[in-house]
Amino acid sequence: MTDDLISSAIDEAAEALLQRPNHHWVVAFSGGKDSTAALKVILAAHRKSGLGKLRLSVIYCDTGVENPILDLYVKSALNRLQQEFDQWGLGFATTLLQAPVQDRFFVRIVGRGYPPPTNSFRWCTNGLRIRPVSRFIAAQDPAQTVLVLGLRQSESQQRDRSLKKASFSKWQKQTEGNKDYDLYLPILNLGVPEVWDAVFWLSKPRSIDPATLEKLYRDASGECPVIKAPTAPPCASGRFGCWTCTVVRKDKSAKKLIDAGYEDLRPYFEFRNWLAEIRNDPSMRWPTRRNGTPGLGPFTLEARKMILQRIDALEVRTRTEIVDSSERGVIAGLWEVDEFARLNFKGISAV
Ligand code: SF4
């Protein structure tokens with residue numbers, strides 16, 4: 001049964017490739033089990049199709065605040081994958097995408113004073129994950145592009161309901177600006193056991209080690225979305241994402257990794273918990289929003305400075321760079337603007 005499902009996923013994907021052999025096939029890769037299975041199915045399908053050279057890119061969206069253990073795993077896997085692709089000589093490539101500096105997580109929080117995201121104010125997914133992918137697609141010829149996603153029908157009950165309504169098929173249309181492009185969902189019909197079978201038993205690429213993947217991602221369900229779509233799963237509970245994520249009340253995935261011996265994650269985990277705690281402290285926030293309406297506004301300049309000091313301490317503790325010099329430059333500029341407004345428009349928070 002499992003074999004049948006995986007074989008038919010490969011057969012259908014081979015047919016899909018043969019239908020669009022001159023398109024640019026772009027696989028959105030997060031490092032998790034679903035996008036790994038999707039990549040493996042597409043590569044197996046490519047071998048089966050008999051197509052030689054094909055324009056195929058594997059893209060990874062680097063938010064700058066990915067869980068550091070997983071980020072290290074994914075980036076080294078991508079490095080090895082590029083070397084493997086080079087050996088194959090088929091024109092396949094890997095690409096790292098990143099949000100522009102003004103959209104980065106800590107530029108928004110420390111520079112502009114955005115409160116850490118919640119379910120009702122999730123300002124981060126668009127800027128950090130969706131827009132970099134949109135920009136990449138827009139820079140291609142969208143009409144000649146297929147974006148491959150590791151979405152599955154059985155991912156969650158909630159999603160199942162919306163999928164039924166939308167009568168999902170493996171081919172979908174997505175709009176970028178005023179242009180349409182194709183989405184292809186090769187593992188749509190696979191359940192979790194088949195996904196793991198595909199990860200373990202499809203041999204290529206060899207640069208992704210299934211055992212490491214299983215150790216790191218065993219408990220993650222689903223992956224953060226990289227496109228705007230009603231059926232895309234929300235970027236929150238049960239999945240690995242940013243180590244800073246305050247959308248989930250408790251970061252269970254980081255806690256599980258720490259309990260499993262990844263002690264290096266603890267300082268990040270503690271910082272994230274502190275960020276979640278101060279989020280709703282009125283003494284840390286402007287009394288009005290930026291547009292002047294009543295309600296808690298951005299973090300005060302003092303609070304933003306305090307957050308940056310904590311980040312500096314975290315950088316020392318973890319011996320890593322969390323906010324880079326370009327981000328620090330933009331943050332300093334944003335502080336100046338707010339400081340100027342405070343001095344010149346006393347009592348007016350909106351700038
Ligand atoms: S993982 Fe959390 S912080 Fe990161 S983009 Fe998704 S919702 Fe935002």
Side-chain angles (χ1 to χ4, degrees), residues 28-35 59-75 96-136 149-151 155-156 158-159 216-217 219-258 265 267-280 298-299 307 310-311 314 320 322-323 327:
F29 182 70
S30 75
K33 64 180 187 304
D34 293 329
S35 57
I59 57 170
Y60 171 64
C61 201
D62 179 8
T63 61
V65 282
E66 288 298 304
N67 177 311
I69 305 279
L70 305 170
D71 195 47
L72 192 67
Y73 159 76
V74 178
K75 284 182 182 157
L96 220 69
L97 306 178
Q98 210 179 13
V101 66
Q102 66 274 13
D103 283 346
R104 307 246 179 98
F105 191 85
F106 282 119
V107 171
R108 293 272 174 153
I109 289 194
V110 180
R112 302 256 304 153
Y114 273 50
T118 56
N119 238 333
S120 55
F121 185 38
R122 192 158 11 112
W123 47 263
C124 43
T125 318
N126 257 345
L128 293 178
R129 296 182 190 276
I130 293 174
R131 268 204 298 271
V133 173
S134 301
R135 252 184 242 119
F136 178 82
L149 299 176
L151 289 181
E155 199 166 71
S156 76
Q158 198 190 354
R159 267 192 68 233
L216 290 173
Y217 286 83
D219 298 313
S221 60
E223 298 175 13
C224 293
V226 290
I227 56 159
K228 242 188 210 152
T231 48
C235 186
S237 73
R239 66 200 68 238
F240 289 116
C242 310
W243 65 266
T244 49
C245 189
T246 48
V247 171
V248 279
R249 214 166 54 83
K250 287 188 177 155
D251 189 346
K252 290 186 195 149
S253 32
K255 178 80 173 52
K256 272 182 192 155
L257 283 174
I258 293 169
L265 279 183
Y268 296 94
F269 183 68
E270 288 169 0
F271 179 94
R272 176 257 171 225
N273 290 346
W274 174 73
L275 210 52
E277 262 168 41
I278 62 165
R279 189 188 189 285
N280 293 323
F299 278 127
I307 297 169
R310 290 260 190 156
I311 293 172
L314 186 62
T320 55
I322 293 168
V323 178
E327 293 165 349

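Worth saying up front: this structure is predicted, and the values here are computed from it rather than measured. For ligands, and for the atoms within them, numbers begin at 1 and follow the listed sequence. Just so you know, these numbers use all the heavy atoms, side chains as well, and skip hydrogens, waters and symmetry mates.
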Mind checking whether I278 and I307 have side chains closer than 4.5 Å, heavy atoms only? yes

Out of all atoms in ligand 1, which are within 4.0 Å of some heavy atom of R129? Include the element for each. 1 (S), 4 (Fe), 5 (S), 6 (Fe)

Could you check if a side-chain atom of I109 sits within less than 4.5 angstrom of a side-chain atom of P116, using non-hydrogen atoms only? yes

Which residues pass the ring pair (Phe, Tyr, Trp, His ring centres under 6.0 Å) test with Y268, sequence neighbours left out? W243

Measure the distances from the heavy atoms of T244 to every atom of ligand 1 and state whether one is below 4.0 angstrom. no

For ligand 1, which atoms, with element, lie under 4.0 Å from some heavy atom of V247? 7 (S)

Proximity winner for atom 8 (Fe) of ligand 1, if only heavy atoms of C61, C124, G241 are counted: C124

Can you tell me which residue pairs pass the salt bridge (charged side-chain N to carboxylate O under 4.0 Å, His left out) test with a partner in residues 106-121, sequence neighbours excluded? D103-R108

